[in-house]
Amino acid sequence: MRLSRYFLPVLKETPAEAQIASHRLMLRAGMIKQQAAGIYSWLPLGFKVLKRIEQIVHEEQIRAGHIPMLMPTLQPADLWRESGRYDDYGEEMLRITDRHGRDMLYGPTNEEMITDIFRAHVTSYKDLPLTLYHIQWKFRDEIRPRFGVMRGREFFMKDGYNFDLDYENAMHAYNRHMVSYLRTYERMGLQAIPMRADSGPIGGDNTHEFLVLADTGESEVFYDSAITDLRLGDRAIDYDDWDEVAGICKEWTTPYARTDETHDEAVFAEVPEARRKSSRGIEVGQIFYFGTKYSEPMGATVQDSDGNKVAVHMGSHGIGVSRLVGAIIEASHDENGIIWPEGVTPFHVGIVNLRQGDAETDAACESLYTALTAAGLEPLYDDREERAGAKFATMDLIGLPWRITVGPRGLKTGVVELTSRRTGESEELAPEVAVARLKEIYAGHL
Ligand code: P5A
């Protein structure tokens with residue numbers, strides 16, 4: 001993409017309404033525009049990041065054996081009357097009446113609808129296990145939408161639902177979700193810690209929230225610092241291997257890590273003092289096991305191998321896809337702007353032309369652009385007639401992890417400059433070496 005032809009409405013001023021860095025930076029970098037309280041348009045740069053995150057979520061869900069589909073945003077109220085949640089959900093639910101006077105709602109989550117789909121089509125234990133998911137907009141009429149996309153009213157969520165014959169199978173599904181979520185966040189350059197939590201309106205006793213540690217997080221968390229050393233890395237995982245998956249969950253759930261809702265001072269006191277930490281955290285996902293809470297009242301049953309009709313065991317599992325955009329920025333920025341992890345960056349590399357209009361410099365930028373694109377990378381070429389300082393400031397603000405600077409002085413000796421946004425370190429390299437280096441850096445991310 002050439003910046004001269006793109007739509008990147010960056011703001012010079014810091015917007016007064018934004019209280020936290022990610023909200024400020026998303027507005028300044030031209031990623032979002034507020035349309036109403038807690039409701040945003042995703043401008044091209046923001047949309048690109050959102051799609052990159054969505055893509056990673058899809059890949060990791062499919063890897064875990066979960067099946068993608070799509071349910072609508074609007075739902076009939078009657079489904080929620082069956083589960084008893086139509087009244088329970090309260091004012092967070094946006095209720096709508098259609099022209100025929102039918103009660104509808106904008107879905108805050110989809111447990112009822114997926115249970116309705118299941119009961120219409122599945123009758124035998126032979127069709128289990130089954131996990132279906134979608135990535136769809138949700139609406140919760142939050143009393144205090146704030147912090148931009150972090151606590152929106154309309155937000156993008158991945159929500160998955162498992163159907164299993166019994167508790168043991170359902171717990172394997174729970175564990176599978178925990179491990180696939182750990183992989184998902186790691187690919188985004190984030191550390192999200194699973195913490196024992198409270199289940200709220202979704203229900204059930206078994207639930208973990210995934211928290212990214214950040215001063216601006218809305219949750220108070222308590223943890224053993226040993227947990228922050230854990231990494232999945234690129235270990236191969238067989239999601240059908242119950243013991244292996246349970247083993248990974250055990251590794252991550254053994255060190256103390258709880259939100260304030262489940263925090264227990266007496267248990268926490270057993271952690272060696274030097275490792276006892278408390279901080280703020282951003283909840284970027286939550287998994288639940290709730291057994292037959294929906295399947296029983298809604299009649300989602302299967303015949304087991306003895307011919308008995310049994311209600312299926314279920315859980316639901318969510319990732320805050322749009323919230324993640326803000327959470328990643330909270331975890332990765334400096335005073336000049338965003339610093340995207342390679343896994344989610346909207347463009348892989350920025351090209352800065354220091355002498356726009358100079359035939360040789362322009363030609364060098366064009367051939368770099370072609371070579372990067374041919375290598376499968378997506379460059380953003382700042383080809384505007386702007387001062388070098390302004391071009392650097394824009395690149396720093398929008399946070400591409402790598403920048404190639406092209407100027408007449410370097411070209412005299414056949415080099416361009418490759419700069420890391422994170423460290424600020426630069427190297428002078430022949431253009432083809434810079435391309436090869438970037439190809440290597442992004443090898444695991446393309
Ligand atoms: C699990 C999937 C559920 O709704 N039902 C389907 C379960 N869980 S949850 O914890 O309530 O939400 C899942 C994740 O969605 C994000 N989230 C939000 N993001 C932005 N703005 C909001 N107002 C908002 N509310 C929830 C969180 O990341 C949460 O973990």
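Both counts, for ligands and for their atoms, begin at 1 and track the order of listing.
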Could you say whether the N/O atoms of Asn110 and ligand 1 ever approach to under 3.5 Å?
-> no
If you measure every N/O of Glu142 against every N/O of ligand 1, is any gap under 3.5 Å?
-> yes
Any side-chain donor near an acceptor of the partner, Glu111 and Ser316, under 3.5 Å | yes
Are any of the N or O atoms of Phe288 closer than 3.5 Å to those of ligand 1?
-> no
So, Arg183 side chain and Leu232 main chain: donor-acceptor pair closer than 3.5 Å or not?
-> no
Answer yes if the ring centres of Tyr294 and Phe118 are under 6.0 angstrom apart, and no otherwise.
-> no
Would you mind running through ligand 1 and noting each atom that sits below 4.0 Å from a heavy atom of Gly285?
-> 28 (O), 30 (O)
Considering only protein heavy atoms, which is closest to atom 11 (O) of ligand 1, and at what distance to one decimal place?
-> Arg140 NH1, 2.9 Å
At what distance is the nearest protein heavy atom to atom 27 (C) of ligand 1, and which residue and atom is it?
-> Arg323 NH1, 3.5 Å
Could you tell me whether the side chain of Trp340 and the main chain of Ile398 form a donor-acceptor pair under 3.5 Å?
-> yes
Contact with ligand 1 for Ser322, non-hydrogen, under 4.0 angstrom | no
Polar proximity ligand 1 side, Gly152 side, N/O cut 3.5 Å exclusive | yes
Counting heavy atoms under 4.0 Å, the part of Ile287 that contacts ligand 1 is neither
What part of Glu283 sits under 4.0 Å from ligand 1 if we count only heavy atoms: the side chain, the backbone, both or neither?
-> both
So is there a nitrogen or oxygen of Gln286 less than 3.5 Å from a nitrogen or oxygen in ligand 1?
-> yes
Against heavy atoms of Asp159, which atoms of ligand 1 measure under 4.0 Å?
-> 2 (C), 6 (C)
Atom 25 (N) of ligand 1: the protein heavy-atom neighbour that sits closest, reported with distance to 0.1 Å = Phe155 CZ, 3.5 Å
Smallest separation among heavy atoms of Gly399 and Arg421, with atom names | CA-NE, 4.2 Å
Residue Gln35 excluded, over 12 heavy atoms near CD under 6.0 Å = yes
Protein contact of atom 3 (C) of ligand 1 - nearest heavy atom, named by residue and atom, plus distance | Ile202 CD1, 3.6 Å
Ligand 1 to Gly318, heavy atom cutoff 4.0 Å, flagged ligand atoms 1 (C), 2 (C)
Residue, atom and distance of the protein heavy atom nearest atom 20 (C) of ligand 1 read Met150 O, 3.3 Å
Would Asp159 and His134 count as having a side-chain donor-acceptor pair, cut-off 3.5 Å?
-> yes
Contacting atoms of ligand 1, where contact means under 4.0 angstrom from a heavy atom of Val149 | 20 (C)
What residue and atom, counting heavy atoms only, is the protein's closest point to atom 16 (C) of ligand 1, and at what distance?
-> Gly320 CA, 3.6 Å
If you scan protein heavy atoms around atom 13 (C) of ligand 1, the nearest is Met157 CE, 3.7 Å
Has Leu70 got more than 12 heavy atoms of other residues, nucleotides or ligands less than 6.0 Å from its CG?
-> yes
Please could you name the atoms of ligand 1 that Val284 approaches to less than 4.0 Å, counting only its heavy atoms?
-> 28 (O), 30 (O)
So do Glu142 and Glu92 actually touch side chain to side chain, heavy atoms under 4.5 Å?
-> yes
Short N-O contact, Asp88 and Arg85, less than 4.0 angstrom = no
Only residue of His23, Met31, Arg24 satisfying side chain to side chain contact (heavy atoms under 4.5 Å, CB included) with Leu27 is His23
Glu111, any N or O under 3.5 Å of ligand 1 N or O = yes
Heavy-atom contacts with Arg151 under 4.0 Å: which atoms of ligand 1 show up? List them by number with element.
-> 21 (N)
Please determine if Thr109 has a nitrogen or oxygen closer than 3.5 Å to a nitrogen or oxygen of ligand 1.
-> yes
Would you check if the distance from the ring center of Phe210 to the ring center of Tyr181 is below 6.0 Å?
-> yes
Donor-acceptor pair, side chain of Arg140 and main chain of Pro108, under 3.5 angstrom | yes
Run the contact test for Phe210 against ligand 1 with a 4.0 Å cut-off on heavy atoms, strictly below, and give the result.
-> no
Donor on one side chain, acceptor on other, Thr73 and Gln136, under 3.5 Å = no
